[in-house]
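Side-chain atoms are counted along with the backbone in the values below, which use heavy atoms only and exclude waters and symmetry mates.
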Amino acid sequence: MSAEFIVFEGIDGSGKSTQCRMLYEFIANTGKKVKLLAEPTGGPWGTELRSMLKSSTPPPVMTQIELFIKDRMDDYEQNIKPCMERGITVVMDRYFYSNAAYQGVSGITPAEIIAMNLQKGFPLPSRVYFIDVKAETAMERIIKRNGSGKTELFEKREFLESVRNNFLSLADERFLVINGEPKEKTVFESVKNDYIKLVKSSN
């Protein structure tokens, strides 16, 4: 059985984490070996990043990018690479596309950030599911989830709109842009159907 490297991307509030978990559970239920990963990780760099996201004064954008790359390098060495070598499918909640889309709002282009990551030897995924929602929808979901007034650094409507545009600018043949506005089960049908086709084409 072939192993895939699947990445879920989307702005905050898009529902991508839910879709990521649903696909992980679907694959696990087929008996296939699969690992669920997420960025930022729970490691030292990821922990620093998470505290940064809760801060009202973020570090300079290059510092942010460097932290994400350090966190990603640990994740690659400890999880992604071993899984790929052992034929275990990886399903991942955020990858370097998020790094490019979010930090790419602050003067360095998304394409430049992707290039920095590829220079480190990080592998390209088999498929990127971009769960696409309008910034207004995302903010409604974030406020419902967090409570009014409890938003993190990147959870602002205008900012999310810019991030969404950055993601769409990165979409290539690896991306499948999926409308994330309908109900979770409806969105997942699109993910699942494409994943099944992806597996068949790689066998």
J.: Of all heavy-atom pairs between A171 and V177, which one has the smallest distance, and what is that distance?
T.: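 What the structure gives for the nearest pair is CB-CG2, 4.4 Å.
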J.: Please determine which of R141, R157, R94 meets the salt bridge (Lys or Arg N to Asp or Glu O under 4.0 Å) test together with D12.
T.: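 Of the listed residues R141, R157, R94, the salt bridge (Lys or Arg N to Asp or Glu O under 4.0 Å) partner of D12 is R94.
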J.: Is N117 close to I113 at the side-chain level, that is, under 4.5 Å between some pair of heavy atoms?
T.: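 SC-SC contact between I113 and N117 confirmed.
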J.: Take a 6.0 Å sphere around CD of E184 and say whether it holds more than 12 heavy atoms from other residues, nucleotides or ligands.
T.: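 12 or below, so no.
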J.: Please walk me through it: do M22 and Q19 pass side-chain contact (heavy atoms from CB on, under 4.5 Å)?
T.: CA-CA 5 Å; M22 288 171 81; Q19 295 301 320; 4.1 Å; yes
J.: So, do I196 and F26 sit near enough that their side-chain heavy atoms are less than 4.5 Å apart?
T.: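 Of all side-chain heavy-atom pairs linking F26 with I196, at least one is under 4.5 Å.
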J.: Are D93 and L37 side-chain neighbours, meaning at least one heavy-atom pair lies under 4.5 Å?
T.: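 Contact flag for D93/L37 side chains = no.
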J.: Strictly distance-based, threshold 3.5 Å: is any side-chain N or O of T63 a donor or acceptor partner for the main-chain N or O of P59?
T.: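 Pair absent, no side-chain N/O of T63 close to backbone of P59.
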J.: Let me confirm one number: the CD-CG distance from E161 to N166, rounded to the nearest 0.5 Å.
T.: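 Going from the CD atom of E161 to the CG atom of N166 covers 10.5 Å.
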J.: Under the side-chain contact (heavy atoms from CB on, under 4.5 Å) rule, what do I11 and I131 come out as? Steps first, then yes or no, please.
T.: CA-CA 8 Å; I11 62 175; I131 310 301; over 6 Å; no
J.: For side-chain contact (heavy atoms from CB on, under 4.5 Å), just list the numbers for K35 and Y24, CA-CA rounded to whole Å, side-chain angles, deciding distance to a tenth of an Å, and then say yes or no.
T.: CA-CA 8 Å; K35 178 96 169 173; Y24 164 75; 5.9 Å; no
J.: Does one hydrophobic cluster hold both V7 and V199, with members joined at side-chain heavy-atom distances below 4.5 Å?
T.: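 No, it is not one cluster - the side chains of V7 and V199 are not joined through contacts under 4.5 Å.
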J.: Would you check if there is a donor-acceptor pair between the side chains of E189 and T186 at a distance under 3.5 Å?
T.: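 Distance-only check fails for T186 and E189.
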J.: If every non-hydrogen atom of G104 is compared with every non-hydrogen atom of P110, which pair is closest and at what distance?
T.: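 Heavy atoms only, the tightest pair is O-CD, 4.0 Å.
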J.: Establish, from distance only, whether the side-chain atoms of T137 and E181 form a donor-acceptor pair under 3.5 Å.
T.: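 E181 and T137 do have a side-chain donor-acceptor pair below 3.5 Å.
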J.: Which residue in the set R127, R174, K200 passes salt bridge (Lys or Arg N to Asp or Glu O under 4.0 Å) when paired with D194?
T.: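 Testing each of R127, R174, K200 against D194, the sole residue satisfying salt bridge (Lys or Arg N to Asp or Glu O under 4.0 Å) is R127.
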J.: So V128 and L176, do their side chains get closer than 4.5 Å, heavy atoms only?
T.: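 SC-SC contact between L176 and V128 ruled out.
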J.: What's the spacing between T89 OG1 and L36 CG if we round to 0.5 Å?
T.: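 Between atom OG1 of T89 and atom CG of L36 there are 12.5 Å.
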J.: Once you round to the nearest 0.5 Å, how far does NZ of K134 lie from CG of L160?
T.: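 Between K134 NZ and L160 CG, I get 14.5 Å after rounding to 0.5 Å.
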J.: Would you say V105 and V133 are hydrophobically clustered, going by side-chain heavy atoms of ILVMFWY under 4.5 Å?
T.: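 Linked, V105 and V133 end up in one cluster.
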J.: Same cluster or not: are M84 and L23 linked, directly or through other Ile, Leu, Val, Met, Phe, Trp or Tyr residues, by side-chain heavy atoms under 4.5 angstrom apart?
T.: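 Each belongs to a different hydrophobic cluster.
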J.: To the nearest 0.5 Å, how far apart are CG in L124 and CG in D172?
T.: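 Reported value, rounded in 0.5 Å steps: 8.0 Å.
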J.: Relative to the ring of Y102, is the ring of F159 parallel (under 30°), tilted (30 to 60°) or perpendicular (over 60°)?
T.: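 Taking Y102 first and then F159, their aromatic rings sit tilted (interplane angle of 30° to 60°).
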J.: Walk me through whether F130 and Y97 qualify under ring-ring contact (aromatic ring centres under 6.0 Å, His included).
T.: CA-CA 10 Å; F130 177 62; Y97 300 99; 10.0 Å; no
J.: Do F188 and T18 come close enough that some side-chain heavy atom pair is under 4.5 Å?
T.: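 The answer is no; the side chains never approach within 4.5 Å.
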J.: Going by the rule ring-ring contact (aromatic ring centres under 6.0 Å, His included), which residues pair with F5 if we only count those two or more places apart in sequence or in a different chain?
T.: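 Here the qualifying residues are Y95.
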J.: Taking side chain as C-beta onward, heavy atoms only, is R72 less than 4.5 Å from T41?
T.: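 No; the side chains remain at least 4.5 Å from each other.
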J.: Show every side-chain hydrogen bond (donor to acceptor under 3.5 Å, both in side chains) that has at least one partner inside residues 76-86, sequence neighbours left out.
T.: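 Qualifying pairs: D75-N79.
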J.: What is the distance from atom CD1 of I69 to atom CZ of F122, rounded to the nearest 0.5 Å?
T.: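 Rounded to the nearest 0.5 Å, the CD1-CZ separation comes out at 6.5 Å.
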J.: If you take all heavy atoms of Y195 and K32, which pair is closest and at what distance?
T.: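 What the structure gives for the nearest pair is OH-NZ, 3.4 Å.
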J.: Just so I know, are the side chains of P123 and I80 near enough to count as touching, which here means a heavy-atom distance under 4.5 Å?
T.: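 In contact.
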J.: How far apart are the C-alpha atoms of M139 and I142, what are their side-chain angles, what is the distance that settles it, and do they pass the side-chain contact (heavy atoms from CB on, under 4.5 Å) test?
T.: CA-CA 5 Å; M139 284 308 302; I142 289 166; 4.2 Å; yes
J.: Using a 4.5 Å cut-off on heavy atoms from C-beta on, say whether the side chain of V187 contacts that of N179.
T.: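 N179 vs V187: side chains apart.
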J.: Linking I/L/V/M/F/W/Y whenever any side-chain heavy atoms sit under 4.5 Å apart, do L198 and M92 land together?
T.: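 No; M92 is not reachable from L198 via cluster members.
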J.: Measure the NZ-CH2 distance between K70 and W45 for me, rounded to the nearest 0.5 Å.
T.: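 If we round to the nearest 0.5 Å, K70:NZ and W45:CH2 are 4.0 Å apart.
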J.: What's the shortest heavy-atom distance between E39 and F96, and which atoms?
T.: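 Looks like OE1-N, 4.3 Å.
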J.: Establish whether V91 and I178 are linked, either directly or via other cluster members, by ILVMFWY side-chain heavy-atom contacts under 4.5 Å.
T.: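 Cluster IDs for V91 and I178 match.
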